[in-house]
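Down below is the structure, laid out as structure tokens.
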Amino acid sequence: MATNKKRKRHAATASPYIEVRRSGIHGTGVFAARDVPKGQRVVEYVGEKIGKVEAERRSLAQIRRARRSGGASVFVFELNSRHDIDGAVPWNTARFINHSCSPNCEVEIVRGRIWIVARRRIRAGEELTYDYGYDFDSFEEHPCRCGSRRCVGYIVRTALRRRLRKVLAERRHTDQLAA
Ligand SMILES: C[S@@+](CC[C@H](N)C(=O)[O-])C[C@H]1O[C@@H](n2cnc3c(N)ncnc32)[C@H](O)[C@@H]1O
Ligand SMILES: [Zn+2]
């Protein structure tokens with residue numbers, strides 16, 4: 001028997017500060033539509049609130065899909081010790097924000113909501129970025145094309161970048177000796 005249940009519709013999150021278009025870093029990106037003052041919340045990272053077990057299951061599925069397609073991978077965002085937000089929903093405009101090793105935005109979690117906030121004054125037209133905060137594990141699967149002077153070539157969080165530089169230098173050295 002056919003049911004006539006309507007799916008709940010969500011409008012894509014919008015903000016006067018942002019516009020979505022093609023990025024030089026990767027695929028689609030989010031750009032400042034006007035000058036953004038330091039400290040301004042630019043957009044909320046929204047999605048489905050899920051428990052940790054489900055989050056782990058979805059993250060692994062997203063990674064598997066990304067390995068097959070070579071496309072964007074993880075959209076699961078840590079909210080707190082019990083819940084995560086799966087931002088892989090069409091109404092989450094913030095899912096298009098790319099990573100940079102010199103980001104102009106940061107993430108703030110306030111009373112269970114995830115906000116993307118300007119770390120400094122951002123000029124109209126600049127691409128909005130934040131530090132994805134990735135771990136060291138399997139860094140090779142996340143090459144970084146942010147183009148900043150501080151870029152190490154892979155997406156890892158700021159605190160791990162020095163360690164990664166060392167590992168990469170050691171590898172280069174070993175390769176030279178082997179050549
Ligand atoms: C949340 S999506 C960001 C939106 C993405 N540009 C898109 O078109 O769907 C995250 C994915 O974007 C890509 N990405 C984000 N920042 C990147 C960077 N600095 N360098 C290379 N790829 C990046 C990676 O594939 C990553 O898994
Ligand atoms: Zn980078």
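In each ligand, atom 1 is the first atom listed, and ligand 1 is the first ligand listed. Side chains included, hydrogens not; waters and symmetry mates left out as well; all remaining heavy atoms used.
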Problem set entry | Option among R119, R120, R34 that satisfies the salt bridge (charged side-chain N to carboxylate O under 4.0 Å, His left out) test with E126 | R120

Exercise. Considering only heavy atoms of P143, which atoms of ligand 1 have at least one such atom less than 4.0 Å away?
Worked result: 20 (N), 21 (C)

Exercise. Which ligand 1 atoms, with their elements, are less than 4.0 angstrom from a heavy-atom of F75?
Worked result: 1 (C), 2 (S)

Seminar exercise, completed: If we number the atoms of ligand 1 from 1 as shown, the ones under 4.0 Å from a heavy atom of H99 are 15 (C), 16 (N), 18 (C), 19 (N)

Problem set entry | Minimum side-chain heavy-atom gap I116-V107 below 4.5 Å | yes

For this session: Enter the distance from S59:OG to R64:CZ here, rounded to the nearest 0.5 Å.
Result: 10.5 Å

Exercise. If you measure only the distance, is there a donor-acceptor pair under 3.5 Å linking the side chains of R161 and T158?
Worked result: yes

Exercise. Where the closest heavy atom to atom 10 (C) of ligand 1 is concerned, which of Y130, Y154, Y132 has it?
Worked result: Y132

For this session: Can you sort out which atoms of ligand 1 are near G27, meaning under 4.0 Å from one of its heavy atoms?
Result: 8 (O)

Problem set entry | Proximity flag C144 to ligand 1, non-hydrogen atoms under 4.0 Å | yes

For this session: Give every protein N, O or S atom lying under 2.8 Å from the Zn ion (ligand 2), naming each by residue and atom.
Result: C101 SG, C144 SG, C146 SG, C151 SG

Exercise. Applying a strict 4.0 Å limit to heavy atoms, is C151 in contact with ligand 1?
Worked result: no

For this session: Please indicate whether R150 has more than 12 foreign heavy atoms, meaning atoms of other residues, nucleotides or ligands, lying under 6.0 Å from its CZ.
Result: no

For this session: Pull out every atom of ligand 1 sitting under 4.0 Å from any heavy atom of I25, numbered as shown with elements.
Result: 17 (C), 18 (C), 19 (N), 20 (N)

For this session: Please say whether more than 12 non-hydrogen atoms of neighbouring residues, nucleotides or ligands are located less than 6.0 Å from CZ in R149.
Result: no

For this session: State, with a plain yes or no, whether a side-chain heavy atom of R58 is found less than 4.5 Å away from one of D84.
Result: no

Problem set entry | ligand 1 atoms in contact with I155 (distance to a heavy atom under 4.0 Å) | 17 (C), 18 (C)

For this session: State yes or no: are the ring centers of Y132 and Y130 separated by less than 6.0 Å?
Result: yes

For this session: Please confirm whether T129 comes under 4.0 Å of ligand 1, counting heavy atoms of the residue only.
Result: no

Exercise. Sub-3.5 Å donor-acceptor pair from the side chain of T93 to the main-chain atoms of T13, do we have one?
Worked result: yes

For this session: Measure the shortest side-chain to side-chain distance between D86 and Q62 over non-hydrogen atoms and say whether it is less than 4.5 angstrom.
Result: yes

For this session: State the CZ-CZ distance between R22 and F31, to the nearest 0.5 angstrom.
Result: 10.0 Å

Problem set entry | T129 to S102 - nearest heavy-atom pair and separation | OG1-O, 4.3 Å

For this session: Could you tell me which atoms of ligand 1, counted from 1 in the order shown, lie closer than 4.0 angstrom to a heavy atom of T28?
Result: 4 (C), 5 (C), 6 (N), 7 (C), 8 (O)

Exercise. Side chains of F136 and L164: does their closest heavy-atom pair fall under 4.5 Å?
Worked result: yes

Exercise. Hey, which atoms in ligand 1 end up nearer than 4.0 Å to a heavy atom of R145?
Worked result: 18 (C), 19 (N), 20 (N), 21 (C)

Problem set entry | N98 N/O to ligand 1 N/O under 3.5 Å | yes

Problem set entry | ligand 1 N/O within reach of H26 N/O, cut-off under 3.5 Å | yes

For this session: Check each heavy atom of R95 against ligand 1 and say whether those closer than 4.0 Å belong to the side chain, the backbone, both or neither.
Result: backbone

